[in-house]
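Below is one structure, written out as structure tokens, with a few remarks after it.
Quick note on labels: first sequence line is chain A, next is B, and so on, each numbered from 1. Keep in mind that this is a model prediction, so the values were computed, not measured.
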2 protein chains.
Amino acid sequence: MLRLSKKTDYALLAVRHLAANADRGAVSARELAETYDIPPELLAKVLQKLVRGRLLESQQGIRGGYALARAASAMSVADVIQAVDGPLMVTACSEDDHSCDQYSKCNIRDPLWRIKDRIIAALGATSVAELAMEMPAPLPLPAGVLPLQMVKRP
Amino acid sequence: MLRLSKKTDYALLAVRHLAANADRGAVSARELAETYDIPPELLAKVLQKLVRGRLLESQQGIRGGYALARAASAMSVADVIQAVDGPLMVTACSEDDHSCDQYSKCNIRDPLWRIKDRIIAALGATSVAELAMEMPAPLPLPAGVLPLQMVKRP
DNA sequence: GAGATATCCGACCGAACTAGTCCATCTTAG
DNA sequence: CTAAGATGGACTAGTTCGGTCGGATATCTC
Ligand code: SF4
Ligand code: SF4
């Protein structure tokens with residue numbers, strides 16, 4: 001169904017919070033968890049993955065916590081997703097994984113990979129910094145944005 | 001992990017096949033299943049969903065089968081995905097489903113929805129007709145039978 | 001009309017994945 | 001030393017996904 005996982009949601013929430021509060025030092029996992037009502041242990045795991053993905057720096061010890069490892073503007077949501085959920089792919093197959101039963105007879109692979117590239121581009125185009133600055137004006141929604149055609153149900 | 005389901009793969013494969021062989025009449029589910037090595041009963045379910053989604057027409061009876069309900073060029077892969085897997089969404093929440101625990105405190109919602117729109121656009125921009133015209137199929141076609149392309153008037 | 005070949009539909013099952021939990025260890029400020 | 005915090009692995013409940021089964025219905029051919 002193309003939905004991104006809850007862990008990714010948590011990761012984005014946390015990363016956005018860290019970007020917005022970059023001036024303060026490290027922020028503890030517990031503080032993050034309480035702020036957003038996230039199960040602390042689960043969030044801890046997500047944060048660890050982000051550290052392993054070189055997106056966050058961790059500070060152990062009694063005044064420890066997490067902070068961004070690089071500028072929020074240099075960190076895309078695609079980076080966050082990949083750090084948490086592994087390499088993102090829209091098809092089960094990939095350049096080096098031909099394990100799909102239909103691989104040899106499949107002729108929709110190339111178009112789908114092209115679509116995948118466009119999705120990755122869309123994900124890579126939005127930086128964490130853009131997530132951090134938000135809120136005041138309820139989006140300016142210009143005319144002429146037709147999101148999706150709905151199927152008419154009688 | 002953002003991957004689209006196997007059923008969607010099957011649906012796209014089938015729909016592409018139907019688009020490429022639109023000149024012949026209805027194609028039976030069994031023929032499709034054998035051509036692509038798909039479990040017949042599962043493919044049948046997928047095809048039924050496509051019928052219910054108004055993308056295919058079905059013909060019952062002894063010479064029955066499936067055919068496209070409209071021109072391949074007027075059918076996007078987004079349509080196919082939605083018919084098979086339901087409305088596609090990248091977040092667990094939506095305009096009318098606020099069931100997420102973080103909904104009230106969530107401030108990444110709007111950016112993510114914007115990304116969702118871009119993904120839907122990418123999916124909607126590719127038509128089934130575009131899938132159909134690609135690579136001369138390495139299928140064991142009888143000699144002389146060439147997949148006919150869609151007639152395009154410039 | 002009989003039978004063969006199709007689609008159609010719901011129920012079912014096992015495997016895989018997801019979200020969440022528990023616990024045990026390591027690290028560091030105070 | 002000790003309390004607060006990170007780290008890591010193992011574990012469980014719940015859900016989804018891929019696949020299967022059985023039966024009902026429609027329609028063509030003979
Ligand atoms: S069906 Fe084609 S595109 Fe989908 S996973 Fe198999 S090979 Fe890749
Ligand atoms: S976290 Fe925010 S974006 Fe993700 S599902 Fe909940 S409300 Fe929607």
Interatomic distance, [X] [atom1] vs [N] [atom2] [rounded to whole Å]:
| X | N | atom1 | atom2 | answer |
| --- | --- | --- | --- | --- |
| Q48(A) | dT27(C) | CD | P | 14 Å |
| L50(A) | dG8(D) | CG | P | 13 Å |
| K7(A) | dT15(D) | NZ | C1' | 14 Å |
| Y66(B) | dA26(D) | OH | P | 15 Å |
| K45(B) | dA11(C) | NZ | C1' | 9 Å |
| E41(B) | dC9(C) | CD | P | 17 Å |
| K49(B) | dG18(D) | NZ | P | 10 Å |
| I62(B) | dT27(D) | CD1 | P | 13 Å |

field: Y10(A) side chain near dA19(C) phosphate (N/O to OP1/OP2, under 4.0 Å)
entry: no
query: Is any side-chain nitrogen or oxygen of S58(A) closer than 4.0 Å to OP1 or OP2 of dT7(D)?
result: yes
Between [options], which nucleotide gets closest to the side-chain atoms of [X]?
| X | options | answer |
| --- | --- | --- |
| S5(A) | dT7(D), dG19(D), dA19(C) | dA19(C) |
| S28(B) | dG20(C), dG18(D), dA6(C) | dA6(C) |
| R30(A) | dG5(D), dG18(D), dA19(C) | dG5(D) |
| P39(B) | dT7(C), dT20(D), dA29(C) | dT20(D) |

query: Where does the angle between the aromatic ring planes of Y36(A) and H17(A) fall among parallel (under 30°), tilted (30 to 60°) and perpendicular (over 60°)?
result: perpendicular
- prompt: Start at the 5' end of DNA chain D and walk down; is the nucleotide closest to Q59(B) or to D85(B) reached first?
  reply: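 Its nearest nucleotide being more 5', the pick is D85(B).
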query: Do side-chain atoms of R70(A) reach the backbone of A74(A) as a donor and acceptor pair under 3.5 angstrom?
result: yes
- prompt: Does R109(A) use its side chain to pair, donor to acceptor, with the backbone of Y103(A) at less than 3.5 Å?
  reply: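 Yes; at least one donor-acceptor contact below 3.5 Å.
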message: When you compare the side chain of V90(A) with that of I115(A), does any pair of heavy atoms fall below 4.5 Å?
response: no
message: Could you walk me through whether S76(A) and D79(A) satisfy the side-chain hydrogen bond (donor to acceptor under 3.5 Å, both in side chains) test, starting with their C-alpha distance in whole Å, then the side-chain angles of each, then the deciding distance to 0.1 Å, before giving a yes or no?
response: CA-CA 5 Å; S76(A) 72; D79(A) 295 331; 3.3 Å; yes
- request: Between P40(A) and Q60(A), name the one whose nearest nucleotide on DNA chain C is closer to the 5' end.
  value: P40(A)
message: Need one value for A26(B): base, sugar-phosphate or nothing, where a base atom within 4.0 Å counts as base even if backbone is also close, heavy atoms only.
response: nothing
field: Sugar-phosphate only, base, or nothing, as touched by A44(B) at under 4.0 Å among non-hydrogen atoms
entry: nothing
